[in-house]
Protein chains: 2
Amino acid sequence: MNHDIQIARAAQLEDIGQIASRLGLSEDDLERYGKYKAKLPLRLIRREGPQGKLILVTAISPTPAGEGKTTVSIGLSQGLNHLGRKVAVVLREPSLGPVFGIKGGAAGGGQSQVLPMEDINLHFTGDFSAIEKAHNLLAALIDNNLQSKSRSLGIDPRTVLWKRVMDMNDRALRHTVIGLGGTGGGMPRESGFDITAASEIMAILCLSESLSGLKERLGNIFVGFTFDKKPVYARDLHAQGAMAALLRDAIKPNLVQAIEGVPAIIHGGPFANIAQGTNSVLATRMGLSLADYVVTEAGFGADLGAEKFLDIKCQSAGLAPDAAVLVATIRALKYHGGVALPDLGQPNPEAVANGLPNLEKHLDNLRGFGLNAVVALNRFGADTEAEIQVVAEACRKYGVRFAISEAWGKGGNGAAGLAEQVLAAANEGSHFKPLYEWETPLKSKIERIAQRIYGAEGVVYSKRAERDLKRAERLGLSDLPICMAKTQKSLSDDPSLIGRPTGFDIHIREVEIAAGAGFIIPISGDIMRMPGLPATPSAEQIDINEEGEITGLF
Amino acid sequence: MNHDIQIARAAQLEDIGQIASRLGLSEDDLERYGKYKAKLPLRLIRREGPQGKLILVTAISPTPAGEGKTTVSIGLSQGLNHLGRKVAVVLREPSLGPVFGIKGGAAGGGQSQVLPMEDINLHFTGDFSAIEKAHNLLAALIDNNLQSKSRSLGIDPRTVLWKRVMDMNDRALRHTVIGLGGTGGGMPRESGFDITAASEIMAILCLSESLSGLKERLGNIFVGFTFDKKPVYARDLHAQGAMAALLRDAIKPNLVQAIEGVPAIIHGGPFANIAQGTNSVLATRMGLSLADYVVTEAGFGADLGAEKFLDIKCQSAGLAPDAAVLVATIRALKYHGGVALPDLGQPNPEAVANGLPNLEKHLDNLRGFGLNAVVALNRFGADTEAEIQVVAEACRKYGVRFAISEAWGKGGNGAAGLAEQVLAAANEGSHFKPLYEWETPLKSKIERIAQRIYGAEGVVYSKRAERDLKRAERLGLSDLPICMAKTQKSLSDDPSLIGRPTGFDIHIREVEIAAGAGFIIPISGDIMRMPGLPATPSAEQIDINEEGEITGLF
């Protein structure tokens with residue numbers, strides 16, 4: 001089996017001007033980054049008039065390996081292209097840090113990749129770097145103010161939660177003491193680094209609709225409290241103008257190509273736990289303006305990614321999907337049917353059947369949102385016919401469309417059946433209704449998500465969480481939507497509860513404020529915001545030759 | 001008087017394809033970054049056959065405001081263009097961090113700027129970010145190894161001098177403790193951040209001639225010692241391949257335009273104190289391959305910038321300037337004549353005369369290198385005719401060409417006289433001979449620079465410096481050239497000694513090793529590698545409007 005990078009290298013890339021022409025764009029519409037990447041100026045977004053149909057790709061609760069949502073999304077877009085539709089796939093940008101750790105690239109796989117994969121997985125068009133700079137500029141301005149005599153805002157350093165970010169798996173930066181070295185080196189205090197994808201600026205960029213909207217959100221970032229307990233925002237440091245200037249190009253969606261020449265709009269990559277986990281509103285709008293069908297995806301399982309996509313992004317931007325695709329794998333179903341990770345390769349139709357309640361719950365949830373869903377079984381080599389039939393049969397019983405995706409091995413051809421089902425669902429249409437109104441009280445919103453989406457009995461708040469919620473209310477943030485930080489491994493907040501757990505509570509340990517992004521983050525469990533490198537980092541395998549060809553990315 | 005950004009905005013930019021065509025390049029030769037920036041692939045460098053003439057712009061010992069070398073360089077290239085010559089100006093890339101502090105952009109000024117100035121001053125084509133990532137990847141791999149059980153190299157964390165870098169003026173990051181937070185957070189140890197321009201990777205990129213050469217230098221980076229005192233290099237961590245992959249695009253020189261349409265190749269920006277302070281060898285070679293005249297500059301005064309340009313860069317790459325331009329200002333001459341900074345605006349021909357020995361020493365040094373020099377007086381509005389005549393007269397006496405540059409206010413027209421003098425000097429030619437052979441012992445090289453270039457009596461080494469020199473010898477690095485870190489404010493190592501000091505010693509406090517870049521850094525005095533922000537950072541003034549127009553950069 002070829003590695004993704006070998007397949008990618010064998011592919012014949014088309015000039016990005018050719019790709020753009022499929023969306024009705026001319027050379028003058030593009031801001032090129034070489035021959036195969038371009039930024040799309042925001043003026044190309046059409047806010048009035050006919051828009052494309054929006055197809056959301058989400059998944060059942062995943063195994064640690066992931067269930068291939070990105071590959072299925074790209075494959076589906078290639079399948080729709082086979083059927084003669086004008087289509088764009090709209091995706092997140094991968095983070096650089098993990099490339100040097102365990103995981104390979106995050107640009108799809110096999111015959112359903114976006115290209116050029118080396119570029120997309122490394123610096124791409126510099127968006128992550130720009131976000132990093134904007135984030136760290138605010139941090140530098142905060143620390144500069146902390147030691148200012150003449151212009152001090154009186155910020156209590158112990159209340160500053162704004163850390164720095166770096167797009168690198170670097171665990172030594174998680175917890176640091178900064179400002180050492182005497183009076184010339186700032187104010188000593190505890191701080192640390194998150195990975196750039198976890199930056200609130202990433203979440204902000206992906207929810208902004210314009211440069212002025214971006215600037216307003218940047219100004220709203222909550223920095224901490226003064227010694228006399230007044231809130232301090234980024235606008236109090238006059239930071240938002242320079243931060244937005246740093247994001248001038250990063251706010252523009254990027255155009256690349258899927259391996260079969262389908263236009264791919266790739267933009268933004270916020271975390272799916274402490275943030276919304278989906279690409280930018282502007283990228284989605286760009287797709288809807290330029291294509292008849294837009295395939296997009298949201299991180300983790302549907303309990304996290306789809307819920308946030310619908311309640312945060314869609315409500316914020318006035319978007320509504322026309323259909324949803326729920327990706328399942330035989331592996332994940334067996335996992336939810338009680339099979340241990342090392343044994344997932346063994347045929348076991350009974351375990352598949354035992355895992356179906358997880359699928360069913362996610363389907364119920366999508367129906368609850370009013371979405372017309374299609375189950376896409378992302379087929380792996382080890383899957384048996386008997387196992388697949390279990391899923392097909394169950395979908396018939398549930399009355400939901402079902403299709404097998406072989407997009408990894410066969411590209412668009414392997415997703416033609418899925419594309420037909422999705423077309424049928426999208427043409428039938430959906431009747432999207434959000435789970436809650438933003439104006440509902442914070443606790444009611446949290447409880448509604450926990451009970452309706454996760455299937456919990458109730459929500460248990462720690463004392464700290466209660467205090468945090470009161471603080472959010474005091475700051476006038478009660479009308480913000482909820483961005484739940486929970487394990488993706490279970491519908492519950494306990495990673496070991498597989499399938500469709502019942503009779504559990506959701507435990508909220510603390511509640512963070514993302515006043516700039518515009519959501520409240522109840523946190524259950526531990527959230528890793530700065531990964532580490534493994535004992536043998538994949539960086540050791542990466543190399544480049546004199547012709548600039550990179551090896552060791554996979 | 002208009003700010004630079006207003007002049008820049010009023011300028012009519014040409015498409016970068018048009019600019020490239022002046023160098024005989026076609027669209028296919030370019031890797032575009034939008035309409036006004038492009039990367040130039042290394043295959044365009046011609047190593048055999050006719051090459052352009054190389055003109056090095058340097059300066060007398062500067063005042064804190066700088067003497068306008070970049071503006072004169074750009075103006076001179078525009079002046080040569082007026083005279084019908086095929087010319088390119090080859091410059092350093094500005095650092096992002098200082099943009100948010102006191103200083104404005106670093107892309108020339110007035111009618112002698114490079115454009116688009118907002119892009120060049122902000123992220124440009126991502127080179128600094130790529131260097132930052134490559135640097136910090138090595139740091140992450142080091143800390144990952146420090147806590148590795150199975151694959152430990154036994155590195156003694158107290159000997160690790162490789163810090164992290166960030167292109168931000170952020171003094172709170174100068175001195176830090178990292179690796180806190182328990183066993184999951186790495187090994188606690190002291191460390192810190194430098195600004196990206198101070199990264200050894202920046203110096204390496206600017207001295208490399210190819211991707212394989214780059215990789216070799218990256219592998220040679222000295223990391224520290226094991227507990228049993230064995231040296232550890234980046235190659236021992238298998239870091240060089242991934243680092244080079246991150247630099248795949250950053251190694252390619254960038255093409256932009258000067259305000260009058262002259263091609264400007266801008267690439268690399270190493271510090272001028274702890275590094276060589278000049279643009280990349282590849283950028284210079286690119287210019288010499290594509291243009292008949294190449295104007296380039298080196299940081300700080302000629303005692304630092306020109307000496308390193310000649311003894312490190314030229315010797316390393318086999319380059320030789322055909323002429324040198326020594327930039328002087330009336331302000332700086334008055335400063336060296338004993339006038340205090342606040343009084344530099346007052347007419348004072350006597351003080352100008354008293355400052356001439358500084359100019360004379362730099363001229364002597366350039367002659368010592370065998371270079372045919374032209375003195376360029378960078379004229380400011382407050383300069384009087386009487387003051388200028390003092391300089392003109394002195395140059396006549398020294399037998400050196402003299403010209404006034406009014407490039408800031410008048411662009412190429414204001415530098416036409418200078419261009420004629422430079423053409424005459426370059427056509428006469430130079431007979432470059434380096435100050436020392438690299439094979440000379442370390443101390444002899446240091447002393448030769450101190451005595452011949454600075455005019456010192458001798459060199460005094462601290463105990464630590466003696467130890468450091470022995471270590472460098474033990475590591476087999478005696479044949480590396482010297483990159484002196486010394487104040488730029490004086491020919492001596494005492495910033496208060498103006499003019500042409502005599503009877504002083506140079507004091508070497510410590511000696512650093514840049515085994516990857518390939519030079520030894522004797523350090524005299526304090527070197528600031530991570531600037532801070534001022535009480536009122538210029539970031540507060542920077543803004544962007546809905547059309548993406550940035551204000552507040554100057």
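Reminder, nothing fancy here: chain letters follow the sequence lines and each chain counts from 1. Keep in mind that this is a model prediction, so the values were computed, not measured.
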### Query
Of the backbone (N, CA, C, O) and the side chain (C-beta and beyond), which part of B/E132 lies under 4.5 Å from a heavy atom of chain A, both, or neither?
side chain

### Summary
With chain B, the option among A/L122, A/L30, A/L173 that has the most non-hydrogen atom pairs under 4.5 Å is A/L173

### Query
Who wins among B/A139, B/G97, B/A535 for the most heavy-atom pairs under 4.5 Å with chain A?
B/A535

#### Entry: Atom of A/A242, atom of B/A539 and distance for their closest heavy-atom approach
CB-O, 3.4 Å

#### Entry: Largest heavy-atom contact set with chain A, pairs under 4.5 Å, which of B/D249, B/I178, B/N169
B/I178

### Query
When only heavy atoms count and the cut-off is under 4.5 Å, which of residues 525-534 of chain B reach chain A?
B/L533, B/P534

### Message
Can a donor-acceptor pair be found, under 3.5 Å and without considering hydrogens, that links the side chain of B/E546 to the backbone of A/S212?
### Response
yes

### Separation of A/S129 OG from B/H123 NE2 (nearest 0.5 Å)
8.0 Å

### Query
Quick one: what part of B/A239 sits under 4.5 Å from any heavy atom of chain A, side chain, backbone, both or neither?
neither

### Task
Could you look at A/L141 and say if it's the side chain, the backbone, both or neither that has a heavy atom under 4.5 Å from chain B?
both

## Note on the structure
Looking only at A/E118, A/K215, A/Q240, A/R164, the option with the highest number of non-hydrogen pairs under 4.5 Å against chain B is A/R164

### Under 4.5 Å from any heavy atom of chain B - which part of A/T536
both

### Task
Answer with side chain, backbone, both or neither: which region of A/L214 has an atom nearer than 4.5 Å to a non-hydrogen atom of chain B?
neither

### Query
Do you know which of A/M243, A/K37, A/E31, A/R171 has the most heavy-atom pairs under 4.5 Å to chain B?
A/R171

#### Entry: chain B contact residues among residues 147-154 of chain A, heavy-atom distance under 4.5 Å
A/Q147, A/S150, A/R151

### Task
Could you look at B/L137 and say if it's the side chain, the backbone, both or neither that has a heavy atom under 4.5 Å from chain A?
both

### Message
Report which part of A/A130 has an atom under 4.5 Å of a heavy atom belonging to chain B: side chain, backbone, both, or neither.
### Response
both

## Note on the structure
Pair count under 4.5 Å, heavy atoms only, with chain A: among B/M166, B/E547, B/E549, highest is B/M166

### Summary
Whatever's closer than 4.5 Å to a heavy atom in chain A on B/R32 counts as both

Side-chain atoms of residues 181-190 of chain B: list all donor-acceptor pairs with protein atoms under 3.5 Å, sequence neighbours left out, distances to 0.1 Å.
| residue | atom | partner | partner atom | Å |
| --- | --- | --- | --- | --- |
| B/R189 | NE | B/D143 | OD1 | 3.0 |
| B/R189 | NH2 | B/D143 | OD2 | 2.9 |

### Query
Among pairs that include at least one residue of residues 175-196 of chain B, which meet ring pair (Phe, Tyr, Trp, His ring centres under 6.0 Å), considering only residues two or more places apart or in two chains?
A/F193-B/F193

## Note on the structure
Ranked by heavy-atom pairs below 4.5 Å to chain A, first place among B/D543, B/D119, B/N144 goes to B/N144

### Query
Can you name the nearest heavy-atom pair linking B/I544 to A/A244, along with the distance?
CG2-CB, 3.5 Å

### Query
So, the side chain of B/H238 versus the backbone of A/Q541: is there a donor-acceptor pair under 3.5 Å, distance only?
no

### Structural part of A/R248 lying under 4.5 Å from a heavy atom of chain B
both

### Non-hydrogen atoms of A/L211 and B/N545 that approach each other most closely
CD1-O, 3.4 Å

### Summary
A/N136 and B/M168 have their tightest heavy-atom pair at C-CE, 3.9 Å

### Query
Between A/L180, A/T551, A/T176, A/I550, which residue shows the highest count of heavy-atom pairs closer than 4.5 Å to chain B?
A/L180

### Message
Is it the case that atom CZ in A/R43 sees more than 12 heavy atoms from other parts of the structure closer than 6.0 Å?
### Response
yes

#### Entry: For the student: nearest non-hydrogen atoms of A/K133 and B/L96, plus distance
CD-CD2, 3.3 Å

### Query
Which answer fits A/D167, side chain, backbone, both or neither, if we ask what part of it has an atom under 4.5 Å from a heavy atom of chain B?
both

### Query
Are more than 12 heavy atoms from other residues, nucleotides or ligands located less than 6.0 Å from atom CD of B/E216?
no

